[in-house]
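For reference, the structure is listed below as structure tokens.
First listed ligand is number 1; within each ligand, the first listed atom is number 1. Values in this document were obtained by computation on a predicted structure and should not be read as measured data.
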Amino acid sequence: MPKPPACPDKVNVLLIGGGGREHALGWKIKKSGRLGKLWIDAAKHGGLAPLGECCPTTTSGPFHEKSNNLFQLRGWCDENDIHLVVVGPEVPLADGIHDALATDTRLVFGPSADGARLEADKAFAKQLMRSANVPTADARMFTIPEDALEYVRTKEEPCVIKAAGLAAGKGVMICSTLAEAEDAIARVMVDREFGDSGDTLLIEEMLSGPEVSILALTDGNSCWILDPAQDHKRVGEGDTGPNTGGMGAYCPASVLDEDQMATVERDILVPILDALKREGIVYRGVLYAGLMLTKAGPKVLEFNCRFGDPECQPLLARLKGDIIKILWDTAAGNLAHTSIEFDERPACCVVMCSEGYPGAYEKGKTIQGIDTAQQLGTGDEQVIVFHAGTKHEGGEIVTSGGRVLGVTALAKDLDRARALANEACTTIHFEGSFFRSDIGAKASSEG
Ligand code: AMP
Ligand code: GLY
């Protein structure tokens with residue numbers, strides 16, 4: 001085996017993606033003493049644009065959708081001496097950005113397209129979990145709608161119906177009644193609401209219990225489990241209303257004790273990495289396991305091939321040390337010689353949203369008060385406002401998405417971090433804004 005390339009003293013980085021997760025990555029990358037030049041691909045993004053120069057190849061549209069654009073991007077990376085490409089979202093990974101851009105001297109943080117299937121193809125992930133004996137919900141897979149309908153009609157219990165492909169978090173339907181299950185099958189396979197992502201459909205047993213996200217960095221051999229974070233998926237206070245991309249997260253989440261963490265590593269992460277290896281896949285990047293803590297132990301709901309959003313924001317707010325070295329060593333296959341440490345202070349990230357989210361919402365609302373919010377953190381406390389759906393327009397920062405800001409606070413304990421993040425949210429204004437004030441409440445002393 002050739003020796004993994006050592007992290008250079010100066011690294012030119014291209015950061016792909018334009019949401020809160022990528023702003024957190026860019027914010028941390030910018031603090032690294034090893035940063036040469038930072039390039040981004042999200043033109044005018046409120047948080048990222050001030051951090052780096054925009055890569056021209058990508059400004060005209062979603063380059064990663066076409067192999068032609070990836071080919072052009074490869075040429076651009078060569079010309080601009082890019083050493084490390086950090087990929088935030090799953091779509092470019094599933095489209096093969098790693099395979100298109102990685103060379104002996106240019107590393108890509110994030111798995112190759114075959115590794116990204118762990119997220120992009122739930123049927124593949126389920127089969128891999130079965131082959132590795134990883135605990136997960138029982139499931140049947142279907143490619144013909146009549147077969148799926150026949151199956152649900154023979155079942156009494158509620159079930160969960162999932163489009164197998166990527167669906168921006170929208171392809172999972174919890175069905176308590178037969179009518180709901182029939183409707184879900186029609187949406188996925190007949191109406192093709194999720195396009196090709198619904199070619200295969202999974203019908204899963206419904207599990208119950210608290211959920212937790214376990215994110216690990218892996219270079220295909222070694223695996224470094226990061227402090228657990230907990231997301232809040234429902235839009236309303238007290239976990240009510242429809243699912244969203246995530247309304248807030250805190251870290252570390254004390255949902256799992258040390259023994260349970262060891263079980264997750266032994267029974268879930270290590271076996272799945274071994275199974276990937278058996279498939280001939282070298283998986284380098286984030287391995288994210290979405291778990292449900294059932295009475296029978298932790299079970300996998302899904303794997304993701306990238307950092308969670310918003311989990312990434314409180315996680316990186318607490319990450320100590322040089323992120324470029326950490327990302328490089330992961331991508332290079334050198335994780336065994338890297339050490340990762342976190343700030344002892346907990347972090348709480350509260351997402352401020354546009355009125356109407358996760359349904360339809362208006363864009364272009366002027367945002368005020370971000371600087372004031374960030375000044376609330378003094379002494380041992382810190383407030384960082386990560387931009388998710390914002391952009392620079394006419395000298396102002398305006399809303400451009402459903403999830404607008406990830407208002408993140410670090411403090412001596414979770415109660416204080418929660419209070420500070422909530423206070424910071426009240427100093428920020430845009431028309432129709434709303435947020436959940438109970439992020440982390442169950443885990444804090446108020447819960
Ligand atoms: P996924 O994208 O597969 O993580 O699913 C999104 C959300 O749907 C999860 O965070 C859970 O809240 C819920 N979910 C997914 N699969 C199941 C299941 N088998 N049982 C109960 N809830 C589930
Ligand atoms: N926060 C959930 C996700 O990133 O998939």
Side-chain angles (χ1 to χ4, degrees), residues 17 19-22 24-25 88-91 93-94 116 118-126 129 134-141 155 157-176 180-181 184 188 194 197 201-215 226 228-235 239-251 253 255 286-296 298-316 349-351 353 358 386 388 402-403 406 436 439:
R21 165 183 48 212
E22 289 77 25
L25 282 161
E90 63 278 13
V91 173
L93 291 167
L118 204 54
E119 173 167 2
D121 181 354
K122 287 182 192 286
F124 168 78
K126 195 58 95 178
M129 283 189 262
V134 167
T136 180
D138 283 339
R140 294 273 300 262
M141 289 155 223
K155 275 173 61 80
E157 314 88 57
C159 63
V160 181
I161 293 191
K162 301 184 175 184
L166 291 178
K170 298 194 179 100
V172 175
M173 285 146 279
I174 314 280
C175 305
S176 308
E180 282 172 5
V188 176
F194 310 102
S197 291
L201 170 141
L202 276 77
I203 304 183
E204 276 191 13
E205 73 172 310
M206 181 157 353
L207 303 175
S208 62
E211 287 183 47
V212 63
S213 315
I214 301 294
L215 282 77
L226 306 175
Q230 196 170 37
D231 189 8
H232 296 61
K233 291 243 167 86
R234 303 292 199 93
V235 73
D239 295 327
T240 52
N243 262 346
T244 67
M247 295 295 293
Y250 68 98
C251 173
V255 203
V286 177
L287 178 63
Y288 166 145
L291 305 180
M292 197 163 252
L293 307 177
T294 72
K295 291 212 172 83
K299 293 195 178 185
V300 178
L301 296 177
E302 63 165 350
F303 280 113
N304 292 321
C305 62
R306 34 87 195 165
F307 283 107
D309 191 349
E311 293 95 319
C312 185
Q313 289 84 316
L315 193 70
L316 293 196
C349 168
V350 177
V351 176
C353 299
F386 293 117
R403 292 192 292 170
R436 273 181 67 168
I439 303 303

Quiz item: Taking non-hydrogen atoms only, is Glu205 closer than 4.0 angstrom to ligand 1 via side chain, backbone, both or neither?
Solution: backbone
Quiz item: Looking only at protein heavy atoms, which one is nearest to atom 18 (C) of ligand 1, and how far off is it?
Solution: Val160 CG2, 3.5 Å
Quiz item: Where the side chain of Glu119 meets the backbone of Cys305, is there a donor-acceptor pair that is under 3.5 Å apart?
Solution: yes
Quiz item: Against heavy atoms of Gly308, which atoms of ligand 2 measure under 4.0 Å?
Solution: 4 (O)
Quiz item: With distance as the sole test, does His232 use its side chain to make a donor-acceptor pair with the main-chain N or O of Gly248 at under 3.5 Å?
Solution: yes
Quiz item: Looking at Ala123 and Ala164, what are the two nearest heavy atoms and their distance?
Solution: N-CB, 4.2 Å
Practice problem: Would you check if the side chain of Thr294 reaches a backbone N or O of Gly209 as a donor-acceptor pair within less than 3.5 Å? | Solution: no
Quiz prompt | Nearest non-hydrogen protein atom, atom 8 (O) of ligand 1 | solution = Val172 CG1, 3.5 Å
Quiz prompt | Qualifying residue for side chain to side chain contact (heavy atoms under 4.5 Å, CB included) with Leu118, from Leu287, Leu93, Asn304 | solution = Leu287
Exercise. Identify the protein heavy atom lying closest to atom 7 (C) of ligand 1, giving its residue, its atom name and the separation to 0.1 Å.
Key: Asn243 ND2, 4.1 Å
Exercise. Go through ligand 2 atom by atom and flag the ones less than 4.0 Å from a non-hydrogen atom of Asn304.
Key: 5 (O)
Quiz item: Run the salt bridge (Lys or Arg N to Asp or Glu O under 4.0 Å) check on Asp239 and Arg436 step by step: do they pass?
Solution: CA-CA 9 Å; Asp239 295 327; Arg436 273 181 67 168; 2.9 Å; yes
Quiz item: Does Lys299 reach ligand 1, in the sense of a heavy atom lying below 4.0 Å from it?
Solution: no
Self-check item: Sole residue of Lys122, Arg140, Met141, Lys126 in side chain to side chain contact (heavy atoms under 4.5 Å, CB included) with Glu204
Solution: Lys126
Quiz item: Backbone, side chain, both or neither: what part of Leu207 comes under 4.0 angstrom of ligand 1, heavy atoms only?
Solution: both
Quiz item: Among Glu302, Glu119, Glu211, whose heavy atom sits nearest atom 2 (O) of ligand 1?
Solution: Glu302
Quiz item: In ligand 2, which numbered atoms sit nearer than 4.0 Å to a non-hydrogen atom of Gly245?
Solution: 1 (N), 2 (C)
Quiz item: Identify the closest protein heavy atom to atom 16 (N) of ligand 1: which residue and atom is it, and at what distance?
Solution: Lys162 NZ, 3.0 Å
Self-check item: Nearest-neighbour protein heavy atom for atom 17 (C) of ligand 1, which is reported as residue plus atom name and distance
Solution: Leu301 CD2, 3.5 Å
Quiz item: Is the shortest N/O to N/O distance between Lys233 and ligand 2 below 3.5 Å?
Solution: no
Quiz prompt | Heavy-atom nearest neighbour in the protein, as seen from atom 3 (C) of ligand 2, with distance rounded to 0.1 Å | solution = Arg306 NH1, 3.4 Å
Quiz item: Is ligand 2 less than 4.0 angstrom away from at least one heavy atom of Tyr288?
Solution: yes
Self-check item: Heavy-atom nearest neighbour in the protein, as seen from atom 19 (N) of ligand 1, with distance rounded to 0.1 Å
Solution: Glu204 OE1, 2.8 Å
Quiz item: Would you say the side chain of Ser208 lies within less than 4.5 Å of the side chain of Lys295, judging by non-hydrogen atoms?
Solution: no
Quiz item: Can you list the atoms of ligand 2 that are under 4.0 Å from a heavy atom of Asp231?
Solution: 1 (N), 2 (C)
Practice problem: Kindly say whether Leu166 contributes a backbone atom to a donor-acceptor pair with the side chain of Ser197 at under 3.5 angstrom? | Solution: yes
Practice problem: Could you go through the side chain to side chain contact (heavy atoms under 4.5 Å, CB included) check for Phe303 and Met129 one step at a time? | Solution: CA-CA 10 Å; Phe303 280 113; Met129 283 189 262; 3.8 Å; yes
Quiz item: Is there a nitrogen or oxygen of Glu302 sitting under 3.5 Å from a nitrogen or oxygen of ligand 2?
Solution: no
Quiz item: Do any heavy atoms of Arg21 fall under 4.0 Å from ligand 2?
Solution: no
Practice problem: Note the single closest protein heavy atom to atom 13 (C) of ligand 1, along with its residue, its atom name and the distance in Å. | Solution: Ile174 CD1, 3.7 Å
Self-check item: Straight-line distance of Cys349 SG to Asp309 CG, nearest 0.5 Å
Solution: 8.0 Å
